Amino acid sequence: MDKLHQALRRHFGYSSFKKGQETIMKSVLEGRDTVAMLPTGGGKSLCYQLPGFLTDGTVLIVSPLLSLMEDQVQQLKMRGEKRTAAYNSVLTYQERDYILKQLHRLKFLYISPEALQSEQIIKRLQTIKVSLFVVDEAHCISQWGHDFRPDYSKLGEIKALLGNPPTLALTATATEATLKDISQMLGLAEASYFIYSVDRPNIALHIENLRDTAAKTERLIELVRKLQGPGLVYCPTRKWTEELAERLTEETRLRTGFYHGGMESGDRMLIQQQFIRNQLDAVCCTNAFGMGVDKPDVRYVIHFNLPQTAEAYMQEIGRAGRDGQQSISILLKAPGDEGIQEQLIQTEALSQHDIDFLYEKLADVKDERALRDILQQSGLSETQARHFVHLYLKVHHLGDDGRELIYREMDSRKHLKLKKMAGFASITESEGCFRRGLLAYFNEELKPRKNSGAACCTYCGLDLDAYETKGDRPFMNELTAWEEELDAIFAAGRDRLC
DNA sequence: CGTGGGGATTCTAGAATCCCCACGGTGCCCTAGT
């Protein structure tokens, strides 16, 4: 048995690797920069955890969500690896100080791109050996780094400040253009690429065209009532998640919840936990729900509106059928769906006129905080202000006025988003196999389907009845929920005592 | 594009109606002053 297999057995208790894992790890262990795309549930974290055990130094993992970091830290600790920590705003000052002092003893350190901007932590990281620089959910670099979370675009600089340690970028869904963007932003000129199919053959792809929103609502109720759960319903706005959850509860009597970014973090955790523990049959959610929700048996994902991009669609339907069992994704369309999305993109970008106005207001302000305060008072949203400040500081650094560059950047971001949106809309409208069209967007060819039991898509023919509930289903039953709750409390208590 | 909050207007002194405008989705971050 070779070193990798031995370590796999010793640290994780597995006897074999999943597809792709071994080649990716070998690349990492040879010290090469590596970009890897593995399907959801393909065991991405193992790709840096195992090499971490086999090399000296600390593995630094950039992660997009606090909850994701906490989950990973907990899992590693449960496996017996105590030299693991997450550095973020959840910690108290003392806890943070402790981590900074103990940095050289850590095997795995999880951190957000924002926390990684702190001079203090960079200075400390420069004194230790970073054996591997990992960017988890690396598509966030491309998806968010340009505007929503600009700190993602600075990871390349930080990697350089740390002496360019070997780097591993991991994602489940990316087009060729996104992968290029990731490598460019991280400064990976000569990375090795390991790209596996984005296709999920066990998820049937269904599209239904309906007259209007009212018709979609009726159809949704009918579907949720009939389909084998549990399932997710992706909604376009926060308000829709709440309204549809209420309608579904009334009309189907199933246990339905809602989830969006405007909720208290405690409520968000509760819904996630209830969904994972099968205490909810369906969750109506915005695109906030999903990353880090590792539930194997989600049976359906319904989209109440067109997602903004094909990447978003793939990611969201990918939350179904991680156990490999038959699952279905249903896209409900109605004329005018794109209008709302398009308007969102249009209003988010600043016009030349806005930019001129801001330039006059800012004149000689140099301090970043003062900049942001003035921008907030100008009626910009927080996201708009952050995006502008990011570009403003970047072009000022170059020494000229930079206005032209900002015009162009804003405009090209907007057009790129509109293009992606129109691209996905046209895939859903074109004649022919939907899966083929979708895979073509990711530069993939549809291979002959081995598993003849799995349906492909609406065009190729699928039988919705096959996805209906079989036998009795657990209707709203407070006693069951109460007993499960108690079990969970006892289980948690036992863990603590051990 | 579609919706909803809020201010202004209306006909006749407090509520009904209108119109305009803002908003819509994704998450990190101790900022400062109690």
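Here the structure is a predicted model, which is why all the values come from computation and not from measurement. All chains are named by letter (A, B, ...) in the order of the sequence lines, taking the proteins before the strands, and each is independently numbered beginning at 1.
Listed nucleotides B/dG25, B/dC29, B/dG27 differ in distance to A/Leu65; the shortest reach to its side chain belongs to B/dG27. Among the nucleotides B/dC1, B/dC28, B/dG25, the one closest to any side-chain atom of A/Asn287 is B/dG25.
A donor and an acceptor atom, one from each side chain of A/Ser351 and A/Asp354, are located under 3.5 Å apart.
In B/dT31 the base sits syn relative to the sugar, since the glycosidic angle is no further than 90° from 0.
Contact annotation: A/Ser381 does not reach the phosphate of B/dC23 (side-chain N/O to OP1 or OP2, under 4.0 Å). Residue A/Arg268 places at least one side-chain N or O closer than 4.0 Å to OP1 or OP2 of B/dG27. Remark: A/Ser112 is in phosphate contact with B/dC29, judged by side-chain N or O atoms under 4.0 Å from OP1 or OP2. Dashed line: the shortest gap from a side-chain N or O of A/Arg386 to OP1 or OP2 of B/dC28 is not under 4.0 Å. One finds no side-chain N or O of A/Arg238 lying less than 4.0 angstrom from the OP1 or OP2 phosphate oxygen of B/dC23. Between A/Ser89 and the phosphate of B/dC29, there is a side-chain N or O to OP1/OP2 separation shorter than 4.0 Å.
Taking atom CG of A/Asp97 as the reference point, atom P of B/dC30 lies 14 Å away to the nearest angstrom.
The pair A/Asp323-A/Lys295 does not count as a salt bridge, with every side-chain nitrogen at least 4.0 angstrom from each carboxylate oxygen. The pair A/Arg413-A/Asp411 does not count as a salt bridge, with every side-chain nitrogen at least 4.0 angstrom from each carboxylate oxygen.
Within a heavy-atom distance below 4.0 Å of DNA chain B, the residues of residues 138-156 of chain A found are A/Trp144, A/Phe148, A/Arg149.
Comparing A/Lys239 and A/Ala115 by the nucleotide of DNA chain B whose heavy atom lies nearest to each, the residue mapping closer to the 5' end is A/Lys239.
Here ring pair (Phe, Tyr, Trp, His ring centres under 6.0 Å) pairs that include residues 273-310 of chain A, with residues two or more places apart or in two chains, are A/Tyr234-A/His303, A/Trp240-A/Phe304, A/Tyr259-A/Phe289, A/Phe275-A/Phe289, A/His303-A/Tyr313.
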Can you give the dot-bracket line for DNA chain B, using ( ) for pairs inside the strand, [ ] for pairs that cross earlier ones, | for pairs with another strand and . for unpaired bases, where Watson-Crick and G-U count if both distances are under 3.5 Å? (((((((((((..)))))))))))..........
